[in-house]
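The structure appears below as structure tokens.
Numbers restart at 1 for each chain; the letters A, B, ... are given by sequence-line order, proteins then strands.
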Amino acid sequence: GGEDTSSEEVSAAQAQAATAQSEAAAAQSEAESAQAEAEAAASALAQAQADLEAAQAAASAAMEGDEASQSALADAQAALEEAEQRAAATAEASEEAVAAAESALAEAEQMLDEAMMEQEAAAGPVTVRAAITGDEATLNPYTYISGFPGWNLLMLQYDSLMQLDAAGIPQPWLADTVSVNADLTEYSFTMVEGVTWHDGQPLTAHDVDFSVDYYINNVEASRFARDLRGVEDLVVTGDYSATFVLGSPKAGFELAALADIPIIPRHVWEGVEVPSEHDFGATNIGTGPYKLVEYVEGQSYRFEANPDYFRGAPAVEELVVIVFADDAGAQAAIRTGEVDVIFERIPPEQIPLLDAQDPLDIALGPEFTTQMINYDASKRPFDDVAVRQAINLAMDRQDIVDTVFLGAATVGSPGWIHPEHRSYNPSMIPVYDPAAANALLDAAGYVDGDGDGVREFDGQPMSFEIITNAPDSLRLRIAELTVEMLAAIGIETSVAAVETGTWEQAVWPEFNVNNGRNYDIAMWGWSAPVQADPLRLPQLVASIPMGGFLNLTGYASAEMDALSAALPVESTEAGRIAILLRMQEIIAEELPFVLLLYPDGAYVYDSSVYSDWEFIAGQGIVSKLSLLPPSARP
Amino acid sequence: MRRRLDVRRLTQYGVVVVVAVTLNFLLPRLMPGNPLVLIAGVDVGLLSPDERAEIVARVGLDVPLWKQYLRYWGDIFTGDFGYSFRSSRPIVDMIWDRLPWTLLITGLSLIVSAVAGVILGAISAWRRGTKTDLGMLSGMISIESLPSFWLGMLLISIFAVQWGLLPSSHAVTPASGLAGWAHMWDIVSHAILPVVTLSILATPGVYMTMRYSMLETLGEDYIRTARAKGAGERRVLFGHVARNTIAPVVTVLALRIGFAFGGTVIVETVFTYPGLGRLVFEAVSGRDYPVMQAAFLVFTAAVLVANLAADLLYPLIDPRTRTS
Amino acid sequence: MTTAAAVGSRKPWRDAAGIDANLLDIENLAVRFELPTETIRAVSGVSLTVAPSETFALVGESGSGKSVSMLSVMGLLPAPPAFVSGSIRLEGREIIGMPARELKRIRGRDVAMVFQEPMSSLNPVHRVGRQIGESLRIHRGFTKAAARRRAIELLDRVGIPSAPSRVDDYPHEFSGGMRQRAMIAMALACEPKLLIADEPTTALDVTVQAQIVDLVREVQDEYRLAVVWITHDLGVVAEIADRVAVMYAGRIAETGSAHAIYRSTRHPYTSGLLRSIPRLDRPVTTRLAEIPGSPLRVAEELRGCPFDARCPLAGEGCSEALPELEDVGADRHGSACIHHHEMSDSSDLWSEGSVTGEQTMSGEGGDVVVSIRGLRVHFPVVRGLRRSGSGVIRAVDGVDLDVRRGRTLGVVGESGCGKTTLGRALVALVRPTEGTIDIEGNPIDHRSGRHRRVVQMIFQDPFSAMNPGMRVGDVIAEPLRIHRLGTPEEIRERVSELLAQVGLPTDAGRRHPHEFSGGQRQRIAVARALAADPEVIVCDEPVSSLDVSVQAQVVNLLADIQAATGMALVFIAHDLAVVRHVSHEVAVMYLGEIVERAPRDQLYREPLHPYTKALLAAVPAPEPGVLDAGTRTRLVGDLPSPEDPPAGCRFHTRCPVAVEGLCSTIEPALTEAAPGRWVSCHLVNPPGQQRP
Amino acid sequence: MTVADSRERAARRTARRRSRIPTLFGLAGGLIVGILVCGAVFAPWLAPYDPTERVARPFLFPSSEHLLGTNDIGQDLLSEMIFGARVSLTIGIVAAAVALLIGTTVGVVAGYYPKRLGSAMMRGVDVILILPFLPLLIVLAAYLGRSLLNTILVIGVLIWAEPARIIRSQVLSLRSREYVLAARSMGAPDRWTILRHIVPRTGLLATGSFVRAVSNAILLEAALSFLGLGDPIQKSWGSTLFWAQSRGAFLTPAWKWWVLPPGLLIMLASLGFALIAFSLEERINPRL
Ligand SMILES: Nc1ncnc2c1ncn2[C@@H]1O[C@H](COP(=O)(O)OP(=O)(O)OP(=O)(O)O)[C@@H](O)[C@H]1O
Ligand SMILES: Nc1ncnc2c1ncn2[C@@H]1O[C@H](COP(=O)(O)OP(=O)(O)OP(=O)(O)O)[C@@H](O)[C@H]1O
Ligand SMILES: [Mg+2]
Ligand SMILES: [Mg+2]
């Protein structure tokens with residue numbers, strides 16, 4: 001029986017597509033008539049052109065993925081072009097004619113949009129099957145596993161007060177407005193009214209209040225408590241408004257907390273005592289665009305669209321997330337059509353291969369994850385800036401990008417911040433100059449005294465072990481190239497590829513920088529959030545008791561500490577950027593670490609199934625934005 | 001090989017169990033690395049000392065090792081292994097979710113390899129020295145030398161990716177909503193490649209044992225006695241050779257059940273098959289102590305049960321091991 | 001070769017009745033084994049006939065081709081590597097080349113076989129009854145139930161007590177003798193015309209052997225069977241064989257009626273075999289007749305008489321041509337010796353030699369070297385799920401013995417009575433559970449060290465008694481090296497000396513043990529035992545795994561050496577006749593206890609204990625009609641388990657003269673019945689008279 | 001007659017083949033191992049490039065310059081295969097030697113003193129055999145760090161139990177051989193008996209289990225490397241597969257020159273030793 005219904009559905013869809021097409025044709029004839037009118041309108045050529053271009057852009061954005069409509073659009077465009085030419089030819093035209101053309105165009109556009117949506121509806125509900133590598137457990141705020149893509153999947157079911165837009169900037173979401181007082185201690189917001197939980201209960205500011213209290217009171221497994229550090233109180237000022245009161249000034253609270261914290265329903269969570277062990281069944285009640293309806297441990301998640309989503313029903317009705325053991329499994333599956341998208345960056349060598357395969361497409365964009373060299377800057381000889389600078393100069397970043405990433409990475413800025421980031425300091429240009437590096441070392445007295453090709457320091461050869469984690473093969477290859485490059489400046493290194501736990505334990509004992517370091521040189525990398533929020537930079541470079549929680553290299557500088565202290569209390573965006581620019585300069589000069597590159601984000605998807613993926617700068621495509629209709633995106 | 005179950009043997013089993021359980025407890029803790037990142041999530045570096053202490057206390061890692069050890073024994077007896085560090089799920093549930101799949105593929109592959117190994121081994125021994133024997137023997141030795149993961153990957157590459165005949169991963173099509181026969185077929189089609197891989201790898205062992213055992217039996221005096229009575233080849237084969245040959249094969253098979261369990265780690269990883277082997281691999285990579293402990297225990301139990309079964313089965317086959 | 005024609009042309013003994021009179025007719029049978037490394041000619045040119053209900057004995061030493069000839073009658077030789085030619089006719093039907101399907105129908109129905117090893121010839125996983133009934137089901141189409149009923153009858157017939165309850169036992173629950181009885185029952189199931197018994201008693205004790213011989217004789221009469229009895233011991237078949245063929249190196253050396261073979265031997269080999277058997281009915285001469293050398297294994301085509309090298313008659317023509325069977329007397333008596341006419345009924349080819357050394361018998365000889373008091377060795381047994389730890393095997397259970405310098409103490413008893421354990425206790429290989437062993441007045445020390453040199457041991461199996469990877473020189477030097485007795489130079493000299501002493505060439509030291517025959521190896525073992533210059537040598541059945549022709553060599557060697565060195569010997573054997581030739585004093589063991597101990601001559605002349613009597617009676621005499629079967633004391637049943645020995649007198653369960661109420665309740669003590677004669681029997685020493 | 005003749009000839013052929021199987025297999029194994037060992041020894045002369053040098057663009061298809069193409073950072077794959085033999089075979093052989101050393105020691109001691117000591121040791125062996133293999137491996141690998149030596153130790157430590165069992169059972173039977181009893185009855189200390197009589201007699205068996213262990217060790221090394229538990233920097237066949245796997249070669253046309261050759265070489269090496277082991281085992285225990 002199942003096959004019959006599906007073939008029926010197909011024929012119905014075909015019929016509807018035909019209607020859509022004829023409607024598109026109608027739109028075309030409308031455009032033609034507009035063209036005729038445009039012929040008469042020669043006088044406002046320039047204006048018409050500009051308007052036409054805008055219309056074109058909007059139309060093409062609306063039409064992607066639908067060939068029939070696309071050809072219709074192409075025709076429409078051709079017609080428009082013709083109109084343009086004729087308009088140019090006819091020197092005299094009235095403004096009304098132009099307006100008529102415009103309105104005709106708008107009508108055509110709207111009809112095309114409708115046709116497309118109808119066709120989508122005709123093709124049945126869109127189901128997207130996505131691959132992830134590694135289980136993410138039950139996706140509630142206390143049990144999801146990884147920051148990526150675990151948090152991203154979590155946030156399909158929940159919303160936060162703010163939401164990142166495509167540029168990575170927080171925009172009001174559940175909140176209608178967000179305002180902050182001058183000394184950065186009070187963040188007030190009003191909320192969108194009429195939002196309901198999946199179970200139909202209304203969302204109010206009391207839920208937000210509850211969520212904040214809950215996270216703060218149930219420290220244990222939740223990172224959200226840390227986002228809320230410094231929150232003294234949430235003052236509820238109405239059913240739909242409230243104010244966060246902070247103990248000390250805190251810039252960037254929007255990004256760090258408001259756009260991060262899922263709001264949980266008070267009526268469900270009130271009775272939950274041990275959230276990480278509580279059995280919610282497979283489902284979680286949120287306000288998000290999706291409801292998790294099925295979870296098979298280690299295998300799959302099935303999400304259903306929430307048709308009543310406050311920003312509009314999602315474009316994808318069903319999302320199945322399938323767990324794979326590793327990249328290779330996921331890649332095999334997208335090749336065989338078992339999945340439609342991989343929610344994980346694909347390795348560089350796969351980009352051209354997968355792109356070449358129809359109907360697979362690649363979404364490319366900048367990402368904020370990093371590959372870098374760490375060294376123990378508190379220890380000889382790395383405590384010497386000259387040595388660190390020499391290492392920096394010796395790294396041929398472009399070679400690494402080309403060889404290991406086959407070009408699918410961005411050369412690292414010596415000042416840490418990604419060039420696509422809004423607080424990037426454009427004067428940060430990486431320099432590859434081994435000769436200069438050698439000269440620097442010679443000048444600093446690190447010479448090869450015994451002629452074995454290895455320089456000495458304090459009577460010992462400059463010979464070190466580069467520790468890296470074996471499972472990350474790209475990083476391992478970078479380490480291998482690093483060995484080559486350092487050899488060129490007389491520093492001998494060897495790669496020790498160890499198990500991840502061992503590597504972490506050496507570089508970051510007990511995940512606590514106060515425990516010191518057990519390595520000379522290490523390959524390291526931070527995940528995207530560390531860079532996405534530039535206000536976290538102090539964590540990386542402030543001296544250790546000062547707040548350098550992530551200062552794994554033990555770097556310390558008085559000026560950096562001062563800037564670190566100033567940054568979070570600086571009240572203006574411009575002021576903060578200025579501080580950040582200065583910090584980048586210091587980093588590039590003193591090199592607490594050597595940033596090598598930022599791997600580009602590349603996501604493969606099956607364009608015949610769904611192609612409206614939204615690439616959030618630095619974060620990739622895995623977010624609710626990708627699954628909402630364009631009109632609902634911020 | 002004569003096996004007999006008695007008190008001393010049971011005591012020895014007991015000792016082995018205690019040592020193995022102890023090691024199961026110690027091994028995870030001997031591994032460098034820290035489960036904190038699993039429990040605390042991504043921002044582990046930002047934890048304050050108090051928060052750290054609270055987390056460690058919640059999962060019971062704050063008490064001295066010997067207390068944790070005693071607690072582990074308690075867990076074993078109560079059958080409650082607590083919650084996974086990684087996914088915060090009850091471990092017993094996780095194991096129950098995974099166990100059937102592992103049992104399915106190991107069970108099927110054991111049956112396949114046992115049947116294939118026994119039949120081929122018997123043919124080989126019966127026709128000792130012929131071309132058939134030579135061919136089978138060299139084939140089996142070659143198969144024995146195949147790297148398991150390589151075989152699995154090649155099968156995926158050929159049958160799933162190139163030809164698209166079979167799914168490359170998982171035990172069922174995720175969220176397919178299939179039911180009834182379609183669902184059964186779904187399970188079967190997903191199990192084919194892993195089972196084939198495991199079977200191919202396990203067959204030579206059975207084959208060799210069978211061939212060896214049968215050759216030995218064929219050389220026994222009582223086979224000559226049977227022939228002297230006028231028994232035909234069929235009667236000799238099925239009446240006299242079969243049962244005497246099967247005894248050592250049963251032992252080998254029983255031991256193999258244990259190994260088969262262990263062997264699933266690689267195969268389940270290659271095929272993303274949601275069995276215990278993959279659970280172990282994930283738990284090990286993530287230092288998920290309680291899951292490791294529980295899963296190791298299942299593995300240990302599997303080996304022991306298989307051994308015990310062999311000991312219990314043996315007297316049924318060989319009356320000499322029954323008490324006289 | 002023209003053997004076939006030669007034999008075919010000359011069938012001097014075929015009687016008037018002609019071919020039809022013979023049940024089995026073998027002509028010019030040849031079997032060779034094509035082995036990867038060599039070709040073994042196991043049988044060549046063998047011709048013989050067996051008449052219905054005749055007992056035909058096929059005699060010869062190990063490897064002479066007896067089993068192979070008879071297996072080819074059954075068509076049971078594995079081909080390859082066996083290749084059979086010639087002709088075998090059973091009731092006129094040719095067996096060689098017969099299709100497997102037909103052959104199958106003959107086996108078990110017309111001809112049945114009982115094999116040498118009762119332990120391994122029964123399928124361990126099938127019940128005895130089922131195995132007996134199997135041929136009935138195959139050939140007669142019996143139902144399961146009918147076959148089982150018949151199996152019970154047969155078991156009963158072959159003397160298994162309470163057959164209905166034993167029919168469902170598994171073979172391992174039977175004793176050796178019972179298994180051999182079951183094998184016979186199995187062979188009789190289809191009432192075949194011919195029964196081939198391949199050394200059915202070799203693996204059994206003398207007492208049981210006699211029972212089996214009796215049994216076969218009975219069933220033969222009853223079923224009118226023809227029996228081919230294969231044996232290496234001419235003694236066993238003397239009483240039952242009608243006709244005998246003696247095989248050597250795959251050929252028949254001599255054949256004829258039993259009477260002719262035993263009484264008018266016409267082949268030096270046969271006569272050698274007969275003379276080398278120790279006999280109770282002849283006076284003790286210290287030395288046994290021995291056949292020099294060792295049996296031949298035929299790999300090359302034979303050019304001359306295979307016995308040439310060992311034969312006292314060897315001379316002209318022996319090495320030139322293969323001797324054919326010649327008619328040498330009445331009743332189809334044939335011999336394959338070209339010098340047979342040099343032999344007569346009275347001639348004695350094999351000199352028994354004269355007594356070397358002193359010949360004092362009996363009496364108290366030298367001083368006591370070894371003194372055993374109250375020795376008990378118990379082995380714990382584990383059995384059952386709960387391992388009732390109380391069970392022990394009382395292998396040696398209260399033994400007092402003295403061994404004197406220059407004397408030999410013989411220890412005899414059935415298999416499992418504890419002889420080996422006693423011997424091992426003497427060389428400190430097992431720890432006594434109780435009791436003491438003093439060597440030259442010092443208690444035995446189980447630690448390793450030079451003191452252990454004093455007692456040395458010679459083991460039963462010369463093939464497993466030396467490390468096959470070592471050279472003979474090193475084997476012999478081992479005790480010297482262990483105890484660092486001398487420089488390498490001295491050790492080398494000592495080894496040469498020892499080799500000479502045991503009659504081996506000096507260059508033997510450079511060779512490996514596998515290059516030597518069994519007899520030679522046992523010589524090497526003797527040399528090794530002598531090397532450390534011990535006071536006592538314990539010989540644990542040193543000859544029982546050797547061929548009869550060779551066993552005399554070893555026995556003689558031991559006697560010579562003792563005479564030369566004056567050391568004490570403990571000679572363990574299960575065969576009273578062998579012991580008689582070497583011992584000064586004999587101790588008879590039963591179930592871990594000594595039941596009688598006496599100077600040799602007194603013991604053999606007048607045994608006191610019923611068990612000793614029975615043992616003596618069981619020794620076969622290699623001459624038909626010497627012993628009257630009717631007057632023999634036959635032991636019934638098997639040795640009880642040493643784990644749970646019978647109460648009272650341990651022998652009462654099998655004793656023909658046991659007194660109910662006395663023997664079964666009161667344990668007799670070993671008491672001196674006459675000077676030097678110790679017996680533990682209530683009938684010899686009534687309880688009242690026993691000294692405490 | 002002719003039927004019988006031809007039957008006899010067939011039988012003889014079977015017989016000959018039967019007796020030749022061990023020899024044939026042994027020779028085949030020897031040949032395979034010989035070629036591979038030669039390749040390893042003469043690698044610097046045979047290999048067209050230095051396998052650690054980046055000599056061309058990454059991911060090159062096979063060409064006349066690079067017969068098997070290049071790997072993910074432009075190293076020559078053929079050279080990598082040739083040099084890989086060194087590490088793989090070294091690990092195989094040395095790890096097997098380690099295993100044999102432990103296995104023989106344990107086997108001999110446990111077999112010679114079967115009562116308390118022996119059964120205690122065998123329980124240890126049981127424990128080793130039932131312990132979850134992978135974590136044991138990770139613990140050891142993590143403890144020891146990744147290096148050639150440590151890989152060898154880890155593998156050696158994990159595979160000694162099998163030889164120990166086999167050797168023990170032989171020693172159990174050897175120790176009751178009469179020549180051992182003879183030596184003991186002469187008053188030889190245990191050391192003498194073990195070294196003179198027991199150990200030399202286990203030689204052939206030990207050789208057999210050694211060769212089998214080499215075969216296993218090679219496979220294990222490959223599996224370890226594949227799981228990322230080996231040292232991926234070392235050029236071994238296993239590490240080549242690790243890279244092929246982590247750079248997606250299994251799913252691309254590159255599997256023909258990047259995945260097949262190392263896999264086949266691993267199989268071949270393991271097969272070579274397995275064949276030798278088989279022929280040795282047949283020799284020790286010829287049946288029928
Ligand atoms: N299956 C076989 N393969 C190879 N050689 C064999 C085989 N069977 C017997 N032989 C050889 O044939 C010869 C004769 O053996 P056979 O068993 O007939 O001797 P036997 O007289 O019965 O001796 P025993 O008293 O030891 O039983 C021996 O040299 C033996 O090694
Ligand atoms: N090491 C042992 N452990 C347990 N039982 C043993 C051991 N050695 C001997 N026995 C048992 O002790 C009893 C006496 O054995 P022993 O070998 O001394 O007898 P034997 O007279 O030498 O017999 P045979 O003539 O068969 O050599 C037998 O029942 C035997 O099974
Ligand atoms: Mg025989
Ligand atoms: Mg004995």
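Among C:H139, C:M113, C:R105, the residue making the largest number of heavy-atom pairs under 4.5 Å with chain B is C:H139. Between chain C and the residues B:G239, B:A228, B:A231, the most heavy-atom pairs under 4.5 angstrom are made by B:A228. The choice from C:G108, C:P192, C:S121 that makes the most heavy-atom pairs within less than 4.5 Å of chain B is C:S121.
For the atom pair OG1 (B:T217) and CG (C:N123), the distance works out to 9.0 Å, reported to the nearest 0.5 Å. Distance check: B:R224 CZ to C:L77 CG gives 9.5 Å after rounding to the nearest 0.5 Å.
Within 6.0 Å of CH2 in B:W96 there are 12 or fewer heavy atoms belonging to other residues, nucleotides or ligands.
Proximity of C:S120 to B:Y222: side-chain heavy atoms (C-beta onward) are nowhere separated by under 4.5 Å. Side-chain atoms of B:K229 and C:M186, non-hydrogen and from C-beta on, do get closer than 4.5 Å to each other.
Contact of C:R137 with chain B is made through the side chain alone, with heavy-atom distances under 4.5 Å. Only the backbone of C:L122 has a heavy atom closer than 4.5 Å to any heavy atom of chain B. For C:I106, no part sits under 4.5 Å from any heavy atom of chain B, backbone or side chain.
Panel note: side chain B:H240, backbone C:H126; no donor-acceptor pair is recorded below 3.5 Å.
Closest heavy-atom contact between B:N244 and C:P124: OD1-CG, 3.6 Å.
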Report task. For C:M183 and B:T225, run side-chain contact (heavy atoms from CB on, under 4.5 Å): C-alpha distance rounded to whole Å, both residues' side-chain angles, the deciding distance at 0.1 Å, then the answer. Result -> CA-CA 9 Å; C:M183 285 293 292; B:T225 308; 4.0 Å; yes
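Taking 4.0 Å as the cut-off between side-chain N and carboxylate O, C:E134 and B:R235 count as a salt-bridged pair.
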